[in-house]
Amino acid sequence: MTALAPPAVSSAQTSRSAPAAGGHGRVWWMVLPALIMFAGFGIIPLLGVLGLSFTTWDTLGVIKPSGFDSWHQVLTDPGLPHALWVTFEIMALSWLFQTPVSILIGVFLAGNQRYREFLAVLYFIPLLLSAAAIAITYKALLDPNFGLGAGLGLGILQQNWLGESGLALATVVFVVSWQFIPFHSLIYQGAVRQIPVSMYEAAQLDGAGRVRQFFSITLPQIKYTIILSSTLMVVGSLTFFDLIFVLTEGGPSDATRSLALDMYKTGFQANLMGPACAIATILVVIGLLLALLLRRLGGRGDESQLEGA
Amino acid sequence: MDLGQFSLSRRNFLGLSAATAGALALSACGSSGPGQASSGGATYWFLSGEPQQDIRQGAVDAFNKKNSDHQIKTTTFQNDAYKTKIKTALGAGQGPTIIWGWGGGGLKSWVDAGQVEDLTSWFGSNGDVKDRLFPSSFGPATIDGKIYAMPAETVQPIVLFYNKKLFDQVGAQPPQSWGDIMALVPKFNAAGIAPFSLAGQSRWTNMMWLEFAFDRVGGSEVFQAVFDGEANAWSNPASIQGLTMIQDLVKANGFINGFESIVADQNADQALLYTDKAAMMLHGSWTYASMKTDGGDFVTGGNLGWMNFPPVEGGTGDPSDTVGNPGQYLSINAKASDEQKDLAKKFFSEGVLQDAEVKAWIDTGGVPIVNGSDSQLKSSDDADFLTFVYDTASKAKVFAQSWDQALSPTAAESLLDNIAKLFQLSITPQQFADSMNQVIGK
């Protein structure tokens with residue numbers, strides 16, 4: 001998925017504010033390297049997947065065209081609505097959990113005090129670890145028989161974290177969030193630091209407290225950052241695979257079998273490449289639609305964010 | 001302006017170099033893959049993981065030493081990665097000369113795609129190679145009456161292991177019937193001990209329970225009908241009864257708390273048995289070796305007990321039947337050069353299961369599929385267990401291959417999915433049968 005939204009500056013605005021750009025003659029060929037890479041590793045494989053979804057292939061024998069068979073199989077499979085539901089559950093829950101926490105941590109880290117900078121480094125650590133390593137570690141910690149709960153003798157930690165449907169989903173959301181909150185905090189930290197101090201000074205003179213300042217200045221000022229971070233979260237969670245695969249393999253039964261896992265299992269474990277490619281196509285379409293929707297939510301790009309600054 | 005010019009051209013340069021690097025990377029993909037060795041040697045891919053990996057490598061090293069002009073080059077893979085890798089490599093014509101495999105449904109998919117060599121006539125003219133090996137091990141190597149693989153390594157039946165210490169502690173005897181098993185469950189649970197250890201997330205571990213339940217209730221014919229592709233074979237009353245029995249065991253808390261999230265690859269299920277957290281475990285005979293290595297003095301101290309799965313009251317299955325792996329399998333890539341194929345065949349007759357390798361397998365607690373190796377078992381440290389495995393394997397009326405390996409990968413994946421749901425109690429035995437009936441013959 002390379003469908004990340006470009007910066008929220010429209011091209012119209014660019015040409016208005018910077019008419020001198022490109023004044024040195026035609027430079028269209030400069031896009032070639034990026035275009036070739038994007039076509040070679042983005043567009044062509046995507047078309048290949050679309051093509052394969054109209055065939056039958058077990059990854060070994062010959063590829064046989066089979067019309068809409070794969071699509072029929074995927075769309076009538078009761079597993080598809082379930083996988084879609086799981087995907088959206090993970091998406092919604094992890095957004096609901098990550099966004100407020102990331103904003104709060106980001107705002108906190110935006111301060112320039114020494115201890116905050118020290119904490120910022122600590123908070124950053126989960127982002128340095130690979131998803132597989134995180135999953136294996138959490139799996140060991142959450143093991144009801146040998147894990148943290150059993151080791152410390154704490155009954156409350158001794159749940160069947162990954163073995164019960166509802167708990168397993170919540171655990172997946174938690175671990176995903178644990179990994180990505182540092183990243184989003186970083187984005188929010190940068191955004192908050194760009195807010196002019198004069199706004200806060202003015203608010204202080206008017207007698208606004210910290211909470212009022214947060215809701216009336218900070219939040220509106222980081223609106224676009226929230227949209228950016230949400231886009232990354234939402235589109236990212238669609239294709240989220242590695243951590244869930246190592247943590248639960250989609251289980252127990254199929255409680256955490258999201259669309260991406262469904263695609264992998266159909267294609268590489270059940271050897272049904274046609275249906276797997278159909279699922280992949282669905283995944284791409286949903287991803288693009290969501291990215292588009294979130295851009296729309298961002299409103300018009302030329303609206304000023306610094307009114308009154 | 002000059003500065004602008006400079007930065008522009010610098011970016012051009014960077015862009016160009018990126019493009020060049022990309023092009024190089026692309027052309028590198030097109031060169032010959034890792035599979036086919038140059039200069040007449042053969043390649044051999046197999047599974048990593050000790051102690052098996054060393055033994056496989058040892059056999060190749062010994063063979064290479066004798067044949068210095070033609071070498072076999074090995075590459076190892078971790079289990080799940082290998083299953084994907086070998087398919088992709090074979091499909092792309094980049095597979096190794098010698099392919100390590102499990103026989104059964106996976107082998108059949110290679111045969112159907114014309115990827116592996118028919119070895120029937122070679123075994124016909126090399127009777128001595130064939131006659132050395134267990135006849136039962138040729139079952140999963142044979143597709144439509146033709147032999148496509150050489151059986152190798154060890155026979156691995158599924159065994160009911162138990163912890164003698166815990167049985168003494170609660171004053172119980174090992175189960176002699178399914179009724180005994182159900183009676184032991186509350187006894188162990190009351191003592192705060194899990195009756196059975198199970199690595200449920202791995203799914204195939206749960207499958208072993210069904211394999212025995214089906215066999216003991218209705219005999220080996222029940223699954224054979226599925227394998228033969230008979231319509232609605234899963235709806236057999238014996239199959240429904242077996243499925244119901246297993247769900248009853250789950251409902252009675254027969255399996256350890258959290259079994260749904262335990263993975264067999266990390267041997268956590270075995271650890272539960274030797275750390276006295278669980279009293280029994282149904283598992284492959286290969287776990288003996290790792291329990292001996294990891295379990296401190298659990299095995300050497302005589303605390304590990306073992307038996308064949310007990311009969312079910314009123315069942316028609318033969319209690320001597322067993323399931324598991326009748327062997328591991330080596331096939332030859334049909335796309336290899338003639339020279340490579342000859343070298344591979346020479347390795348099969350002169351390199352596989354030679355005396356040193358046979359001894360190495362016995363030392364790790366394995367029973368090689370070589371006829372008459374039982375005489376060597378007696379002198380081993382693990383003589384009791386090895387003789388038990390040899391007897392179980394050689395005296396079984398039917399030695400069935402594990403279901404997930406006997407079926408095609410497509411049917412096997414559906415089976416494992418449904419088994420996970422069955423153990424989660426999210427589907428009924430009837431729903432299990434209905435959804436499995438749909439993939440029969442696929």
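Here the structure is a predicted model, which means the values were calculated and not measured.
- Contact of B/Ser426 with chain A is made through the side chain alone, with heavy-atom distances under 4.5 Å.
- The environment of NZ in B/Lys83 is crowded: more than 12 heavy-atom neighbours from other residues, nucleotides or ligands sit within 6.0 Å.
- Annotation for A/Ala270 and B/Thr410: closest pair O-OG1, 2.7 Å, computed over non-hydrogen atoms.
- Proximity to chain A (any heavy atom under 4.5 Å) is shown, for B/Ala271, by both the backbone and the side chain.
- Side-chain atoms of B/Gln424 come within 3.5 Å of backbone atoms of A/Gly163 as a donor-acceptor pair (strictly under, hydrogens ignored).
- Interface residue A/Phe268: backbone and side-chain heavy atoms are both found under 4.5 Å from chain B.
- Within the 4.5 angstrom heavy-atom criterion, no atom of A/Val31 approaches chain B.
- The only option from A/Pro252, A/Ser253, A/Pro144 that meets the side chain to side chain contact (heavy atoms under 4.5 Å, CB included) definition with B/Glu260 turns out to be A/Pro252.
- Counting heavy-atom neighbours within 6.0 Å of B/Tyr82 OH, excluding the residue itself, gives a total above 12.
- Nearest heavy atoms, A/Arg257 versus B/Asp417: NH1-OD2, 2.8 Å.
- A/Lys139 approaches B/Val263 most closely through the heavy-atom pair CE-CG2, 3.1 Å.
- B/Ser261 contributes atom OG, which lies 10.0 Å from atom CD of A/Glu164 (distance to the nearest 0.5 angstrom).
- Heavy-atom distances place the side chain of B/Ile256, and not its backbone, under 4.5 Å from chain A.
- Of the two parts of A/Leu247, only the backbone, made up of N, CA, C and O, holds a non-hydrogen atom closer than 4.5 Å to a non-hydrogen atom of chain B.
- Proximity to chain A is limited to the side chain of B/Thr275, based on heavy atoms less than 4.5 angstrom apart.
- Both the backbone and the side chain of A/Ser165 come within contact range of chain B, judged by heavy atoms closer than 4.5 Å.
- In this structure, the separation between CG on A/Leu162 and CD1 on B/Ile262 is 10.5 Å, given to the nearest 0.5 Å.
- In terms of heavy-atom pairs under 4.5 angstrom with chain A, the leader among B/Gly258, B/Ala113, B/Gly91, B/Gly114 is B/Gly258.
- A salt bridge is absent between B/Lys87 and A/Asp58; no separation between the charged side-chain nitrogens and carboxylate oxygens falls under 4.0 Å.
- Residue A/Asp254 comes nearest to B/Lys421 through the heavy atom pair OD2-CE, 3.1 Å, listed as atom of the first residue, atom of the second, then distance.
- Taken from CG in A/Asn145 to CG in B/Asn257, the straight-line distance is 6.5 Å, to the nearest 0.5 Å.
- With values rounded to the nearest 0.5 angstrom, A/Glu249 atom CD is found 6.5 Å from B/Arg203 atom CZ.
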